[in-house]
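Both ligands and their constituent atoms are indexed starting at 1 by order of listing. These numbers come from the heavy atoms of this one structure, side chains and all, not from hydrogens, waters or symmetry mates.
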Amino acid sequence: MSVLSQRDPEIAAIIADERVRQVESLEMIASENYASAAVLEATGSVFTNKYAEGYPGKRYYAGNQHSDRLETLAIERAKQLFGVEHANVQPSSGAEANMAAYFATVQPGDTIMGMELTQGGHLTHGSPVNFSGRLYNFVPYTVDREAEVIDMAEVRRLAREAKPKIIVAGATAYPRAIDFVAFGEIAHEVGAALMVDMSHIAGLVAGGMHLSPAPYADIITTTTHKTLRGPRGGMILSRLERAAAIDSAVFPGTQGGPHLHSIAGKAVCFGEALKPEFKDYARRIVENAAALAEGLIAGGLRLVSGGTDNHLILVDCNAKGISGLKAQNALQAANIVSNRNTIPYDQRSAYITSGLRLGTPALTSRGMGKDDMKRVAGWIARVLSDPDGEGVREAVRNEVVEFARAFPVPGISDAE
Ligand SMILES: *Cc1c(COP(=O)(O)O)cnc(C)c1O
């Protein structure tokens, strides 16, 4: 029995249930992944106990000799992994990384361009209910109606007109490669900084499966828990000339003490991503997404932009005459976990939606391959073709549970 199950059986039981859920379902939320046992161990370590306001060598508290070693190593690994001059590993999340990046670069009221939220942009790229939309004047760019890919001519036209101080490239539900070269040219033509929010694709960049923004971006923000497969957290990368502004925007600008336990997990994650195996992992994520896309199309589904270049797929549920909400719930009943999402020029609300977002990072972490993706696509097509069919959902669920149990979950199966 674990210490937790003795001291707090109620919470231990909830965590045990969550482990079973993670083992027995197909985790297809594109922003989720399974951190390794080593990442989980570091994240659950005694660094939880320590305050370390400031930066290595310049702390406001005593007792930070080991915190300094830890954070310095995390920074060095991050710089090596992404080929950048400066890394701030303290942001507690992607949202906080973005807040600090804006804070370091512009003033409230300034103009920023970001991707239209209903077409793939993130909440922190100007949503009116988010700090970003309340503090800054966001001008959204869109995807082409036909091709459903970012319209770079439109980005250029808008940038010349709006004269933003920052252009944000990066998305939360965009299945195609992003042209950082063109974004960089446009930004610098109009005197804007290019900020790349690579939260979703950081693992693909680290593994060489997406063009790195490092040579083109002035600021790069990211989460560490999506394709990068680390602990929950954020990070900001830049050249040296922006280092001081970014560091002071994180602390004391927007955060207090850094989460050293998360920084420990980040350092382990960067170490894992620096190994040659991670390149293979990134390649398999993308291959699996392509195989899944093919299978879904064969199953009669329409995919936004016709397919995928990365780890995620956006299904247009209109082809099946159902909403994203209905699709998400039907799949959940079959132990296939995904999230509904708006599609470009969606006719439904952001709550109901017409789309379904599917990703392969977590399934790939379990060792599933292209043939497995074909089976998964078959199950998804079956459920979505009969979303009210109790029998279908139950039959698929039984097959899914048996199938899923055969694939070990990193951080669960190897920690027991
Ligand atoms: C996930 C995500 C974020 C926010 O990350 P949190 O850790 O949830 O705050 C920011 N930007 C993009 C593009 C994301 O996909």
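- Residue contacts with ligand 1 for N98 involve side-chain atoms from C-beta outward but no N, CA, C or O (heavy atoms, distance under 4.0 Å).
- With ligand atoms numbered from 1 in the order given, ligand 1 contributes 15 (O) to contacts under 4.0 Å with heavy atoms of H200.
- Checking D197, L123, T224 against atom 11 (N) of ligand 1, the nearest heavy atom belongs to D197.
- Only backbone heavy atoms of A171 (N, CA, C or O) come within less than 4.0 Å of ligand 1; its side chain stays farther off.
- In this structure, R59 pairs ionically with E71, as a charged nitrogen and a carboxylate oxygen lie closer than 4.0 Å.
- A cation-pi contact, defined as under 6.0 Å to the ring centre and within 45° of the axis, links R340 to Y351.
- Side-chain atoms of R397 and N335 form no donor-acceptor pair, as typed in the model, at a separation below 3.5 Å.
- Side-chain contact check for S413 and R366: no donor-acceptor pair (N or O, by modelled atom type) lies under 3.5 Å.
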Review point. Should F103 and Y136 be marked as a ring pair (Phe, Tyr, Trp, His ring centres under 6.0 Å) after you check the CA-CA gap, both sets of side-chain angles, and the distance that decides it?
Key: CA-CA 10 Å; F103 206 61; Y136 306 106; 8.5 Å; no

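- Residues V139 and T111 meet the side-chain proximity criterion, which asks for heavy atoms closer than 4.5 Å.
- Counted by atom type alone, R284 and T364 present zero donor-acceptor pairs between their side chains at under 3.5 Å.
- The nearest protein atom to atom 9 (O) of ligand 1, hydrogens excluded, is given as A95 N, 2.8 Å; this is a heavy-atom distance.
- Looking only at heavy atoms of the protein, atom 3 (C) of ligand 1 is closest to H122 NE2, 3.2 Å.
- Here the protein heavy atom with the shortest distance to atom 8 (O) of ligand 1 is H225 NE2, 4.5 Å.
- Distances between N or O atoms of G94 and those of ligand 1 include at least one value under 3.5 Å.
- Within a 4.0 Å radius of atom 5 (O) of ligand 1, the protein contributes at least one heavy atom.
- Scanning the protein for heavy atoms near atom 2 (C) of ligand 1, the closest one is K226 NZ, 2.4 Å.
- Using cut-offs of 30° and 60° on the angle between ring planes, the pair Y141 and F183 is tilted.
- Put simply, the side chain of V376 reaches to within 4.5 Å of the side chain of L26, judged on heavy atoms.
- Under 4.0 Å from ligand 1, the heavy atoms of S199 that appear belong solely to its side chain.
- Interface atoms of ligand 1 facing S93, defined by a heavy-atom separation under 4.0 Å, are 7 (O), 9 (O).
- Within ligand 1, counting atoms from 1 as listed, the ones closer than 4.0 Å to a heavy atom of T172 are 15 (O).
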